[in-house]
Structures are given as C-alpha cells and as structure tokens.
K.L.:
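Quick one: this structure, given as structure tokens, is what I'll be asking you about.
Just so you know, these numbers use all the heavy atoms, side chains as well, and skip hydrogens, waters and symmetry mates.
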Amino acid sequence: MKQRKKVIRFGMLGAGLFFLFNPNINIIDVLPDAVGYFLILVSIGKLCDLCPELEDARSAFIRMFWISLAKLPALLLMFWITAVNVGEQTIILLFAFCFSVAELVFGVRAFSMFFEGLAYLGTRQDGGAFLYTCPTKQSGRFRRFSHRPMQQADRVYTRFTAVFFIVKFAMSVLPEVTLLVPYDSTGYVTPEGRSMLNFRPLLIALAFCIAFVVGLIWLISMCRYIIYLSGYTAFWDGMASLYADQIIPKAGLFVMRRVHVFMLLASFAAFFSVDMYVDEINWFPDFISAALFLLAAFAVAKYAPQSAKRLKITSAAYFLCSSATFVTMLIFTREYVYNSVHKIERARQLYVPYAACNAIEQIAFLAVIFALAFVIKDLTKAHTGVDMVTGASSSSRPLYMVFSRKTVVMRVWASLMSVMSILYFYFVVDVQSVKLRNDATAPGGYVYFPKFEVAWLVDFVIALIFAVYTINLLWDLLGEVQYKYKYE
C-alpha cells in the first residue's frame, strides 16, 4: 500500500475531483477549483513520470490550475468595478462567460489527455487491461467488450466529463444574461428592464440546482472508477517498483522541479512587491509577497539549506511587518486621506504609525532580498553547469561570478525601491496650497497639492524595474539548472 501511494494517490485524486463538481455562481466558487487541480497534480505526479501521455495531461492540469487561480483577482476586480459604478453590472456576465469558456475548452482537454494517458499506459504495461475498460450495468464491474474498441473507457469518461463541463458552463452564464437590461443615464435600471432583472435570483438558484445534480452524478461516477482502479494493487506495486528503478535515480529531475517551483513562487513574490495604490489603498498588500517568499524558501530548503533558512526567517519578519502596515493603512484610510495630515491632528496621529510600520517593513524587505541573493548564489554553485543559456558564456568569468554580479544589481534596485517607498510617505503629505478665485469654493478658499506630484510614478517605475529584473534573473537561474540536468 505504501508503494502504491507513492506512484498514484487515489484518495487525493478523489478529493481533487470533489473540489471540481460544485457549481459556480458567475465566477464565485465555494470550493475553489484551483485547490482541486492542485490535488490532482500532486496525486498523479509520479505516474506522469512513467508515461509521456500523462505528462501532457499534467501540463494541461497546470494550465487549468492557473486559470482557476486567476478567478481570485478577477473576483476582486469585479466587486470593485460594480461597487464604484452600479451601471457596470454586465462585467459579471463578461467574467462569467470568459472563465466558463476557458474552463470548458481546456478542462475537457485536460481530462481527455488524462483518460487517454491511462489507456495508453494500460496497453504498454502487463496487467494493465483494466485501464482501458468501462463499467457494465449487469455486473457492476469494469470489463472490456470484445466488439468495442480497446480505448473505450477514455472515450466514455471524456464524453461524460464534457457533458459535465458544458452544463457547469451554461448554468454559470445563463442567469447572468438577465444583466443585459437597459440602464438610464444615472446608471440605474430602467422600469422596463427591472421586471426581467427580478427573475435573476430565481434563475441563479435553479441553475445551481441543475449544475449540482449533474456534478454530483459525475463525481459519483468518477469515484466509482477511482475505487475500481485502486483495487489492482499488484499492478500499482509493479509501477512503484518501475518508478523506483527508472525515476528515483535521476536526482537532477527533482532538483529541476524544486528550482522551478522556487522560481515561480519567488517571481510572483517579486511581482506582488510592486505597490498598486488606488484611492490611497494598496491593492497588492505586501504580506502576499512575504508569504510567497516564505513558500519559496521551503521549496528550495533541501538544496540550499543554510541560505533558505535565512530566507525563511527574513520572510516571516517581512510578513509580520507588512501585515502591521496593512492594518495601520486600513485604520488611516477609513477616516482620512493624505491631504488631511497637515490639517487635522487626529489624521496626523494615525498617519505616523502607518508611515513608521512602512519604514520597518522596507528594512525587512531588504533583508529578504539579501537572503534571496544568497539562495541564488548557493544554487548557482551547487546545481549549474557550463553556461549556454543566458549568454554569459561569452564572458571569461565563472558562472558563479556572473550570477553574483546580477544579485548585486538586484539588491541595488531593491534598495532604491525601499528608499523611495519610505520617501513616498513624506512626499504625499508634503503639500502646497493654491488660493482659488473669488468665485470658486473650497474650505478656507485654498486647495492643496503635493509638491512632488509624480512621486507615485517614480515609486512605481523603480519597483517595476526591480520586479522585472528579479524575475528575469530567476528564469536565467532555472535555465542553467535545466541545462545541467536535462540530459541526465
């Protein structure tokens, strides 16, 4: 049983399917599909190494994971747009349609590749005939009909899955068509369209029930198939032995994967370190970046233990500091704006802790980047070969020195980014007054503007340069690691 779990984890596969069966209300997903696809990827990961066709399915499931994960920022954007302008409710229909089409096209394709891969594996391995058979109503068992094609199971379950995705797509989109009603110039629904819009909650409930029933039937059928597959213990134990003989000796394969995960997490962390202020609120909280850096440290801990430990500690400190900054930001912006600081004592009292937390956070951020530089250098020394990817082969310097120099540039940009972020809190409250004309009205007859009005732009550009440079550096590192181990 232990060996079988190492090659395919049936329980985790069933759990992943459980996260997929539930209906969506536009793009609101109570059981996130991204979690389901992640569980599926983990459950079949080792089996994919033994079958190239299943490797294609894994790539398709990875695509579905990112599509599903993109629902979260899309959901936040949808809520923000509809809150700002009540007349923009049709954005809900647009998002629901786009995501449903993507899930229908790529989701069906991913499961089709998965079933085809299992069928192919069954034809290539002794005792694998059960992988391309389907259930019969007479016996309740899975057996092959002599008058039907060998790959019958993949066709049957692909069609069933396609029906499930079509119903899920239709039931998440059709109720939102009611949003295509006329609005008046003030952004409110006209009396003619209000009667149609009143049916929307009822249509959503009806569509939810239909999609739930179809999804539940699909889930039960898939779980029956998984239970049947798990019963062939001898076959899976043999696959586990094959995995131990052919895959485990390839140590470089696991290094490449860990570095790939590290690169993805650290790249997203660098991206989310860019502040996105809208109405004086940072919509990319820095604790997201800190959490991603922390996960990146855990991903690479086995292959750079000392430097990864530094990254864990600094990322944890960065997470705490950025969380404090986010809380003080919400407290300040709930009552005041930046222009209030020089006029209202209470605003100044709330702003000082906010600015202080940000300054401490920037110091913690720099500590994270310096720790990240050590991780990159350790990976370069231990897991890169002759440079043929990044273009540094034209240099006579060793590859370690090339990457060390790049980490210096990365730290310089990070330092500039932190300094500018600290100064930004001074520039936005350093205002100048402009007296209005006699016929204009404003409190006291004056209007206030920041002296350095483009401070936000300078801060954004520096942060963007840092993020792009760091992501490019991490991709170069991954390329070098892959070059060393890809022919192993």
Side-chain angles (χ1 to χ4, degrees), residues 72-73 75-88 186-187 271-291 317-366 416-464 466-467:
L72 178 59
L75 189 64
L76 296 176
L77 180 61
M78 184 183 73
F79 285 152
W80 179 71
I81 291 175
T82 53
V84 172
N85 190 343
V86 70
E88 294 295 337
T186 61
F271 173 77
F272 280 103
S273 68
V274 180
D275 293 332
M276 295 291 293
Y277 286 97
V278 178
D279 295 332
E280 302 180 353
I281 295 178
N282 184 11
W283 287 85
F284 280 3
D286 289 334
F287 62 75
I288 298 177
S289 174
Y318 180 35
F319 181 84
L320 295 176
C321 295
S322 57
S323 298
T325 302
F326 184 73
V327 171
T328 53
M329 177 194 69
L330 293 179
I331 294 174
F332 172 78
T333 56
R334 184 179 56 185
E335 300 182 35
Y336 302 103
V337 295
Y338 292 139
N339 287 342
S340 304
V341 174
H342 73 287
K343 296 182 293 184
I344 304 173
E345 179 63 26
R346 171 64 177 168
R348 186 181 298 107
Q349 291 175 354
L350 294 178
Y351 187 75
V352 170
Y354 176 26
C357 287
N358 176 74
I360 297 173
E361 176 198 324
Q362 297 308 316
I363 296 173
F365 170 73
L366 278 180
L416 291 174
M417 174 181 168
S418 295
V419 170
M420 188 60 207
S421 181
I422 294 173
L423 292 178
Y424 174 79
F425 278 71
Y426 168 76
F427 289 133
V428 293
V429 297
D430 183 26
V431 298
Q432 56 185 346
S433 61
V434 177
K435 186 172 179 58
L436 299 176
R437 297 178 303 174
N438 293 333
D439 58 344
T441 59
Y446 290 89
V447 65
Y448 297 90
F449 297 96
K451 293 180 180 179
F452 187 24
E453 293 189 41
V454 296
W456 67 272
L457 181 60
V458 176
D459 181 46
F460 177 77
V461 169
I462 292 176
L464 190 62
F466 160 78

K.L.:
Can you tell me how far apart CD (Q349) and CZ (R346) are? Round to the nearest 0.5 Å.
P.N.:
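Interatomic distance, Q349 CD to R346 CZ, rounded to 0.5 Å: 6.5 Å.
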
K.L.:
Look at the aromatic rings of F287 and F326 and report parallel, tilted or perpendicular, splitting at 30° and 60°.
P.N.:
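F287 and F326: perpendicular rings.
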
K.L.:
For the residue pair T325 and T328, what are the closest heavy atoms and their distance?
P.N.:
O-OG1, 2.9 Å

K.L.:
If I compare all heavy atoms of D286 with all of S273, which pair ends up nearest, and what's the gap?
P.N.:
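Nearest heavy atoms, D286 then S273: OD1-O, 3.9 Å.
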
K.L.:
Evaluate the side-chain proximity of F460 to V274: yes if any heavy-atom separation is below 4.5 Å, no if none is.
P.N.:
yes

K.L.:
Look at the aromatic rings of Y318 and F365 and report parallel, tilted or perpendicular, splitting at 30° and 60°.
P.N.:
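Taking F365 first and then Y318, their aromatic rings sit tilted (interplane angle of 30° to 60°).
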
K.L.:
Out of curiosity, L350 CG to E345 CD, how far, rounded to the nearest 0.5 Å?
P.N.:
10.0 Å

K.L.:
Within the structure provided, determine whether E361 and S421 are in side-chain contact (heavy-atom separation under 4.5 Å).
P.N.:
no

K.L.:
I need the Q362 CD to S322 OG distance, nearest 0.5 Å.
P.N.:
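One finds 10.0 Å between CD of Q362 and OG of S322.
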
K.L.:
What's the shortest heavy-atom distance between Y336 and A347, and which atoms?
P.N.:
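Where Y336 meets A347 most closely, the heavy atoms are CG-CB, 3.6 Å.
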
K.L.:
How long is the gap from OG on S418 to CG on N358, to the nearest 0.5 Å?
P.N.:
9.0 Å

K.L.:
Take the angle between the ring planes of Y351 and Y354 and call it parallel below 30°, perpendicular above 60°, tilted in between.
P.N.:
perpendicular

K.L.:
Considering only heavy atoms from C-beta outward, does the side chain of D459 approach that of L423 to under 4.5 Å?
P.N.:
no

